[in-house]
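Everything quoted here is computed from the prediction, not taken from an experiment.
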Amino acid sequence: MKIRKRKHWLESFLLGMLLGAVFFVVIYGFDVLNVTNDSWLLTGRDLQQHYIGWKFFRNADWTFPIGMHNGLTYPYYVSVLYTDSIPLFAIFFKLFSPILPETFQYFGLFGLMCFMLNGGIGALLVAKINKSRLFCLFGTIFFILSTPVLQRLFGLLTEDSRHTSLAAHFLILAALGIWMYKESFEKYWKAALAFSVLGVLCILIQMYIIFMVGGIMCGYLLHYLLKYKDWKRLVIVFPSFMICSLAAFYVVGGFSNILKSTAGGFGLYSANINALVNPFNYSSFFHKLPWHSGQYEGFSYLGLGILLLYLVCVVLLVVKIVKLGGVLAARRCLLDKYRRHRAGVISLAVVVIVFWLLALTASVYFGNRMVMWVYIPDKLLELLAVIRSSGRFMWVIMYLLMLLGLYVITRFIRNKKLQKIILLVCVFLQIADLAKPIVKIHSQYTGEAVEEDIYAKDNFWTTQLGNYRHIVYYPLDSCSFYHMLQIGTKASYFNMDMNYFYMSRYYKDKLAKQEDRKNKKVFEENLLAEDTVYITDYANAHKFKDRCHLYLVDNLILALKKPVEGLKPYNDVYISKEDPYLEMDFSYTGQARRFAHNGWNLPDYGEEGMWTTKQSVLRIYSGGAKKVRITLEYEAGKKRGKTTVKVNGSKKLSINNKQSGTVSFDTELKETVDEKRRIGVNWLFLNTDDIFEVKQNGSEEERGIFVKKMTVTYLE
């Protein structure tokens, strides 16, 4: 009998894995499985970050802890864990690096593994509910086509995140599986080993998932405590899980002494109340529902098929109540079942409630409206900052709801044929609902991939960057993380190193200040190295312009020891007789963003301008200029009205909001004495009388005219 059961579970597992592999190939094609094809990994943001992290780790010497390298944080060492480069795969393939092709990527293989294991373990969960192979086959598809997995693995370029390693949902499903198959883990050592292995895998694949696995484990242990008073299980399993996880964390280099353990964002990266029914861009039939900025992290759309399944469940529940003789009789039956399964119900309810509260956080939104705010003390907030993207906890609730729906139709419908027909219809609708986004994803990864280089388009990055050995950012925040990502991509072609990079955590404040002080001394003492590209900001460019050669490349200020032919010289932003002309563009990568004081709507990715609001303010610096000519190039808004232009409170002209064009005017300036203390800073005001509202990222924004460029010319 046991052999037959094991054979049944094995068949279910293998069937689920096979189904997962088929769906993976149908969705993503075979190109992503070509280990020498990396073009699709350079299409932007998270996916690009993970790949560049692997490239730098691969080229570094081995050290201990084994996941450490210093190519991205030179001279400090950091773990490959913090570029989310899937340490399990990175370390394994680095072992064989000498015999691997020069270009090698494992992210396609990882994606295939996720789909296969999500399918295999999902099939085991369904098989626990219903032993029918056909039912298991249909039910497994819900877990394979989990919408957060589609979003995270290699999702739509139009979405906010493609955080690849977060697609390892088989770790979450495996934790639920240990609980559901608890009789197979009755022996303490089996339960301890199972959860310990999951903990280690979480660390080596995606550390964030360990919070979900750990929470499910706590529910499992609570179940045993309530039912059997089994304290011994708690004493053995929980410490084993923690010790093994911490050991893996140490070996891979997680205890970095240069990065913060926390980051801001708890409360921002939450889940919306509508998270389970909000399709974002992952539905063929429904449009994105309102949401608050940052809540893409809580994306956990159940899909039309599951929603229909729940409609059927409601009907079945009503029928059941009628058959039992009414609500009171149903209540007595429910209480009887609760008494028999009290330990399991309470422990499961605790897990759901805790995860749900953490997912919603203290700022609870329904759509784009806040419905509740709860005060959290600062000390507790610092602790919760470790799980800042808490909206992800909705994934556990999503999977539990899938299992509950399958359980209800199994228990309430005795006709097995009818069970399968209903499930087949629901699966068909689920696939139809996801067909449109799946087709987009398919074309995205089977078509020609284009490297995302909006921040690094200049020929310098491909033709002259290789003449240098290091990239140094001074100050560290002299450009955005997405700038760093694309510059790091170019640097990876030449085996360079840099002192900072886009990672999942930031430098500790003390270290960041130390790094800036070190490089400040380099500039002050004129010790710039010939083999280093320094990327600086306008304030330091103004301060040290006589000690180095400054160039403007993709709106970044490069400071070099020796002159370079073919690069555009950088013009100081402090207008003077020596620096008589300043041009600022308001594009996504433009310099004007550095001088936008307040009241601007920052451009969308790739936009060539910035929107004004009711009052938008820009700073202008004078290095001795008393009078200048300012020229503004703009495009019309969508409502009638006027935009009044003022400098230091003095009106200069009015712009018709409905007309696009260019305006010029002369104005006097105060000499800028101290920018930080705002002594002598000149203020350009754009006051828009009539604005229009648009919905952007789930929230409303006010917009007036669209400013594209500003030039300032010295007159006297």
Problem - Spacing of CH2 belonging to W62 relative to CZ belonging to F57, to within rounding of 0.5 Å - result: 5.0 Å

Practice task
Check the surroundings of atom NZ in K646: do more than 12 heavy atoms from other residues, nucleotides or ligands lie under 6.0 Å from it?
Solution key: no

Problem - No-hydrogen, no-angle side-chain donor-acceptor test under 3.5 Å, R629 and S664 - result: no

Practice task
Applying salt bridge (Lys or Arg N to Asp or Glu O under 4.0 Å), run through K568 and D458 and close with a yes or a no.
Solution key: CA-CA 11 Å; K568 180 182 178 181; D458 197 280; over 6 Å; no

Problem - Parallel, tilted or perpendicular, as decided by the 30° and 60° cut-offs, for the rings of W40 and F154 - result: perpendicular

Exercise for the section: Verify whether one side chain among D585 and N555 offers a donor that lies under 3.5 Å from an acceptor in the other. Expected result: yes

Handout entry: Closest contact, heavy atoms only, F501 versus Q49
Key = CE2-CG, 4.2 Å

Practice task
Consider only side-chain N and O atoms of Y500 and E515, and report whether a donor and an acceptor are under 3.5 Å apart.
Solution key: no

Practice task
Would you please indicate yes or no on a ring centroid separation below 6.0 angstrom for F56 and Y74?
Solution key: no

Problem - Residue pair Y634, T643: steps toward the side-chain contact (heavy atoms from CB on, under 4.5 Å) verdict - result: CA-CA 11 Å; Y634 62 95; T643 297; over 6 Å; no

Problem - Flag if over 12 foreign heavy atoms under 6.0 Å of NZ, K561 - result: yes

Practice task
Run the numbers on K543 and E675 for salt bridge (Lys or Arg N to Asp or Glu O under 4.0 Å), then give the verdict.
Solution key: CA-CA 12 Å; K543 186 176 180 181; E675 176 196 334; over 6 Å; no

Exercise for the section: May I have the step-by-step check of side-chain contact (heavy atoms from CB on, under 4.5 Å) for I52 and T83, ending in yes or no? Expected result: CA-CA 8 Å; I52 299 307; T83 50; over 6 Å; no

Exercise for the section: For this output row, return yes or no: ring centroids of W291 and F299 closer than 6.0 angstrom. Expected result: no

Practice task
Assess the side chains of N571 and D579: does a donor N or O sit below 3.5 Å from an acceptor N or O?
Solution key: no

Handout entry: Working for salt bridge (Lys or Arg N to Asp or Glu O under 4.0 Å), residues E297 and R152
Key = CA-CA 10 Å; E297 289 286 3; R152 295 291 178 164; 2.5 Å; yes

Handout entry: W54 ring center within less than 6.0 Å of F107 ring center
Key = no

Exercise for the section: Scan side-chain atoms only and decide if H542 and D572 contain a donor-acceptor pair under the 3.5 Å cut-off. Expected result: yes

Exercise for the section: Looking only at non-hydrogen atoms, find the nearest pair between M710 and L684 and report the distance. Expected result: SD-CD2, 3.7 Å

Problem - Derivation of the side-chain contact (heavy atoms from CB on, under 4.5 Å) call for T164 and D46 - result: CA-CA 8 Å; T164 306; D46 289 341; over 6 Å; no

Problem - Check: F692 ring centre within less than 6.0 Å of W611 ring centre - result: yes

Practice task
Please work out which of the three classes, parallel, tilted or perpendicular, describes the rings of H549 and Y551, given edges at 30° and 60°.
Solution key: parallel

Practice task
Can you measure from CD1 (I630) to CD1 (I575) and round to the nearest 0.5 angstrom?
Solution key: 9.0 Å

Handout entry: Y534 and F523 aromatic centres sub-6.0 Å
Key = yes

Exercise for the section: For this output row, return yes or no: ring centroids of F595 and Y621 closer than 6.0 angstrom. Expected result: yes

Handout entry: Donor on one side chain, acceptor on other, N540 and D537, under 3.5 Å
Key = yes

Exercise for the section: Inspect the surroundings of CG in D61 and state if more than 12 heavy atoms from other residues, nucleotides or ligands are less than 6.0 Å away. Expected result: no

Problem - Exercise: do W461 and D554 side chains pair donor with acceptor under 3.5 Å - result: yes

Fill in the blank from the handout: Smallest heavy-atom separation, Y507 atom then N499 atom, equals OH-O, 2.7 Å

